[in-house]
Amino acid sequence: MNFFKIKTSWSNAELIVLKLCIATAYVLIGAYFHAFFRQYDVVVLVIFGITCIWSVYSWIKKMKAAN
């Protein structure tokens with residue numbers, strides 16, 4: 001699969017979005033098991049959705065720029 005062999009360079013600012021996306025996914029999983037975070041489900045889900053879409057968009061943009 002050629003998709004996993006593509007090399008791109010990411011700046012630290014661009015990695016922040018990806019890390020935030022991953023972190024909110026972990027918090028969302030943790031919220032499923034703990035009642036304390038249950039009230040923040042919607043906020044965490046919105047942040048995860050935005051950062052996930054932003055990360056994928058940035059990745060696709062970089063891949064197109066490299067070609």
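Computed from a predicted structure; not experimentally measured.
Contacts classified as salt bridge (Lys or Arg N to Asp or Glu O under 4.0 Å) and involving residues 42-63 (residues at least two apart or in different chains) are given here: E14-K62.
Partners of V46 under the side chain to side chain contact (heavy atoms under 4.5 Å, CB included) rule, at least two apart in sequence or in another chain, are V42, I50. For I22, the side chain to side chain contact (heavy atoms under 4.5 Å, CB included) partners at least two apart in sequence or on another chain are L18, Y26.
Taking every heavy atom of both residues into account, F48 and A25 meet most closely at CE1-CB, 3.7 Å.
Each of I47, T51, I53, I16 was evaluated against C21; a single residue qualifies, T51, per the side chain to side chain contact (heavy atoms under 4.5 Å, CB included) test.
Under the 4.5 Å side-chain heavy-atom criterion for ILVMFWY residues, a single connected hydrophobic cluster contains both L45 and V27.
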